[in-house]
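Working notes for the structure below.
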Amino acid sequence: MSTIETTYREAMRAAIRDALIRDDRVFLMGEDVGRYGGCFAVSLGLLEEFGSDRVRDTPLSESAFVGAGIGAALGGMRPIVEIMTVNFSMLALDQVVNNAATLLHMSGGQLNVPIVIRMTTGAGRQLAAQHSHSLEGWYAHIPGIRIVVPATLEDARGMLWTALADPDPVLIFEPGALYPMKGQLDESVREVDIDRAAIRRPGRDATVITYGATLGTSLAAADALAGEGIDVEVIDLRTLRPLDDATLLDSVTRTHRAVVVDEGWRTGSISAEISARITEQAFYDLDAPVERVCSAEVPMPYPKHLEDAALPQQVDVVAAVRRSIGDGG
Amino acid sequence: MSTIETTYREAMRAAIRDALIRDDRVFLMGEDVGRYGGCFAVSLGLLEEFGSDRVRDTPLSESAFVGAGIGAALGGMRPIVEIMTVNFSMLALDQVVNNAATLLHMSGGQLNVPIVIRMTTGAGRQLAAQHSHSLEGWYAHIPGIRIVVPATLEDARGMLWTALADPDPVLIFEPGALYPMKGQLDESVREVDIDRAAIRRPGRDATVITYGATLGTSLAAADALAGEGIDVEVIDLRTLRPLDDATLLDSVTRTHRAVVVDEGWRTGSISAEISARITEQAFYDLDAPVERVCSAEVPMPYPKHLEDAALPQQVDVVAAVRRSIGDGG
Amino acid sequence: MSAKHRLELLRQMLRIRRFEERCAELYSAAKIRGFLHLYVGEEAVATGVIGALRPDEPIVSTYREHGHALARGVPMDAVMAEMYGRTNGCSRGRGGSMHLFDADRHFYGGNAIVGGGIPLAVGLGLADAMRGSHRVTTCFFGDGAFAEGEFHESVNLATLWQLPVLFACENNHYAMGTALARTHGQTDLALRAASYGLPAWPVDGMDVLAVEDAAHRAVEIIRAGGGPVFLELRTYRFRAHSMYDPDRYRDKAEIEEWKQRDPIDALVARMRTDGELGDGDLEAIEREVADELARAEEAAEAGPWEPVTDLTRFVYSERS
Amino acid sequence: MSAKHRLELLRQMLRIRRFEERCAELYSAAKIRGFLHLYVGEEAVATGVIGALRPDEPIVSTYREHGHALARGVPMDAVMAEMYGRTNGCSRGRGGSMHLFDADRHFYGGNAIVGGGIPLAVGLGLADAMRGSHRVTTCFFGDGAFAEGEFHESVNLATLWQLPVLFACENNHYAMGTALARTHGQTDLALRAASYGLPAWPVDGMDVLAVEDAAHRAVEIIRAGGGPVFLELRTYRFRAHSMYDPDRYRDKAEIEEWKQRDPIDALVARMRTDGELGDGDLEAIEREVADELARAEEAAEAGPWEPVTDLTRFVYSERS
Ligand SMILES: Cc1ncc(C[n+]2csc(CCOP(=O)(O)OP(=O)(O)O)c2C)c(N)n1
Ligand SMILES: Cc1ncc(C[n+]2csc(CCOP(=O)(O)OP(=O)(O)O)c2C)c(N)n1
Ligand SMILES: [Mg+2]
Ligand SMILES: [Mg+2]
């Protein structure tokens, strides 16, 4: 297999470009996706290549253009709708919760909504209290939609096409902190499965379950712990709804210890759901209570030192794994 | 103490009326709260008594009138903003998540938002997929706001005044199915604490934790189980954010078994958070995994038999308690 | 316009009227549950507007949509079965009164979020525009919905992109219990719509011929590539907002005044003066409608319930 | 208008201009982080509008609000310290550039959700109206925000209830990289606003005297109980949208053209011809501004950091 050096941002762009080439029902729509090149430069150059009809700048009207994306999907298109940042998606939530997620069911199976909605999520760039939330886990509460979070170059490159092939609404959350991430990518990647979680690092002593921006944090923590002779398995959820319980439970029944790491606020987080499911289905296999490492429950403060303090750090993951092992010890 | 016979609806109305009398900064604002008398007749007669300035009909503009309520609160008023049904609150979520919940923090402690937002929640009236959600547990994920759910006549009568006295935003969720609920209410009730959960039925063998419309279901299940000699403690959370861990843990460490009952969808529900917290803090006191009884993960179907099948029923609670006890048995 | 055509308009309005009058009874008989919003008095709007559309032109409606569904040709038995919540209903019984759907007939519902369907119509229009089609997508919504942000954003988007969308605003002068003048600072809705830069004008929504004429002009503009059009259809609902509504907020005299302009009576009178309504014509239509309604009710009564085991079907598509 | 007053307007615009030019340098020096949106070129708007307000009249702004904060009288050192994220910042360092607040000076921020502050302004106006006050609440927002549903709902609400709100639309002809004509089907924003039923007119936002004059007329209407007013202030930002923006979407000639209309140069030229600017006056102001800026930077540099142990303070009020 031949690989190329690329970034997460370029991989996302390649995925969008590829989709626009492969299927003429596909189009990209959102604020500044065209002439500006995307607020995080993801769609840079696509307007020039595909024209303003298929790379469509929208007014500041989140509810209408997300709703229009749903309508276009009903009309046989395959829209990729970009919302700049998860916080702004609150303005379009009515369309997502009351229309995209319900139409198939309300219509008794008549109306599919094959829309893909992409948005940036997460903190780490000192953007403060209205630009730094991580709400993908919160969205995972809604039946009728699928939630995916690419954490690797391969998933950034491959998840979009799989999402577009899905007959139902798929939301892709892109951790803003990952856009500059560099690495090697297999050139042949075009689509990837989005049904299963992935074991990014096999291990025997404890299972760390995470996704998105905290995958890197968790892998670094695992390396650190390896130095102490603690062998940690790291699982990347990849899809937050529906959750791949099988992969999680198989791991936990082997390691008997689980730590969930998640950039969302702790209360009502996806971590809580995972903790509850593991406890429900593997209670007697657990040597220690499931640990959670989440963000502090605070609207994100601007200063770097406070933002760092609010976010899950490698030391927090290391400490949680140690607690889990100490506990059961 | 002298009591009166009243309904949940009348108790809410008395609470609003009382607040309008006690504090001239208080006003009620929302769609059809005035001339129509409230879509569920909660505010019937208040326009005539207090006038259209303080009982204010609004246009269909959820985002603007919720935002205007936040602004009025910043301006020194004590608004009670009514959103007809939780589904419609999606249109105002930007104002709740990005403004009400963040202003105090973003301003470094300068700006309080003493707003109260009331809305109807829940299913049971065959209103189908866009009028039947139970999202109060979902809202509990958001730091900066407080979430309360009155399940009794006393709380319907007393929670509003306490909420108005709170310097921060409080959301009151009123289960639509409870409005007709009749009963005796202590005439002297004016305000109630909203910090603690309440043990509605003491018991020794298992703890059922619930709130809102499923409190009745849970108490009925407890009675049924009593017949089998199973003594169930039933806790009414009352406040979903912040959760009163102490009361829950104290009970579970006594009963060693917990079942959470919640009308929200199971995945990412408040039940998941409670399950995770109990496991984290009382793992070694548990004789069985925490059980959850939630709604089926489906946009609510219209027909009665399907709606019933989607909602937590007494038999489901009974079965969960039996599982919990059988498990540990 | 031929007498035959007017007779068709009359038949259509009567189908809607009789269907809904019966629904009110069936609601009291607890055969129909949940929310039920009747269209009685507004029949000329659905009949006139949808009469001007081709059968393959998409329609997006509201929770007050029985009239739109029937005018579009969704079979009455499928609509009635839906009200009953049976699997032979047009939404398989899952939707009920507020969620009538019929994909084959390009009827996109049935939306119970006020204003929630408007962006969907813009999107359906966008899909056509991107395929180079000027097929008209019609969106029905009310005077109350006009105040929602989704309306503003949608009309701007459709105008900016010159999409083939007909905005059919059913101004029945009330949003539930709130009168037009307590919803809008400026109550001339056509005037306000025009400010977005699209053709917009008010129409007498109690006169089916005027509505049909306006709709024809509107769709001609749109099909010619002239972009979206806004019609303010001034009408009135004779009954309460829903079966829950005691209707305390309207003055009875006002209701009576509007009833004098009943669109069905008006057309009948006009056809009589023009000698277009022969003896027994009306009775004949009434009989046909009564028969159709009786059959619909039977079909609904006989319709099977969805098995509880299928509760979670249609949350996601079934993968083959 | 007195020469002295014009000199004040000049001083105010220069304070804003020099402050922001320095912020751009401090951003490159990594003293300021996150998003930084500069107002350079638009100073006449904040200076003219806020100059017409009383100090106790509330202001609601956007993420491009340094100019509004300085014009309102938020001390420059408190603003600079906020950009640095220090506890002596006007938001205690928690907000940064996009979230400047000063409750004592009735400056309500500092909102980074486009359009998000507009309903807040309506609410502040509602609070005053309910107390019988016609104190003017001013809301600044852009041409892009005009497309948001929250704008539509808010203007209708303010007009319907005749609230004392000044809608100050800063039309700088771009929403980030999207030109006015690609955001709006009808680009005459004042015309569209007028359709809501409130007084609305366009103003040359590059001429501080024209802005101040228009603002005076607007607040007179509002204080007299005439309800809300909408001003479309036509202006231009000389710099990129934010420090992240390579500004690929604007034609350099267009930028140059607008720079010919620099509001500061324009006022200086005018005062010179009117003989209102004595030798050294300008230099004197520049010196004072430079000193103020130097002191502000020192204060920011010296400002303490919030201890990490206080991270979760201000999520909820501290109960006494
Ligand atoms: C977003 C939203 N807010 C409120 C409601 C409750 N509601 C249902 S219909 C209605 C009135 C709508 O009035 P209008 O748009 O004029 O339509 P009409 O009912 O008069 O046909 C209201 C307030 C809703 N369904 N959705
Ligand atoms: C709801 C929302 N959508 C998108 C953004 C990202 N964004 C920030 S500023 C901006 C452009 C706003 O344009 P305009 O209202 O004209 O104000 P200007 O920046 O020109 O002063 C955009 C798209 C945001 N902050 N909030
Ligand atoms: Mg109406
Ligand atoms: Mg702009």
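In the text below, chain A, chain B and the rest are named by the order of the sequence lines, each starting its count at 1. None of the values given here were measured: they were computed from a predicted structure.
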Is it the backbone or the side chain of A194(D) that comes under 4.5 Å from a heavy atom of chain C, or both, or neither?
-> neither
Name the member of [options] that forms the most heavy-atom pairs with chain D at distances under 4.5 Å.
| options | value |
| --- | --- |
| Q186(C), Q162(C), E153(C) | E153(C) |
| L198(C), L191(C), T183(C), D188(C) | T183(C) |
| S154(C), A193(C), G185(C) | G185(C) |

Region of A181(C) that comes under 4.5 Å of a non-hydrogen atom in chain D |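 Only the backbone of A181(C) comes within 4.5 Å of chain D.
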Would you call the rings of H152(C) and H152(D) parallel, tilted or perpendicular if under 30° counts as parallel and over 60° as perpendicular?
->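 Ring orientation, 0 to 90° scale: parallel.
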What are the two closest heavy atoms between H184(C) and N156(D), and how far apart are they?
-> CA-OD1, 3.5 Å
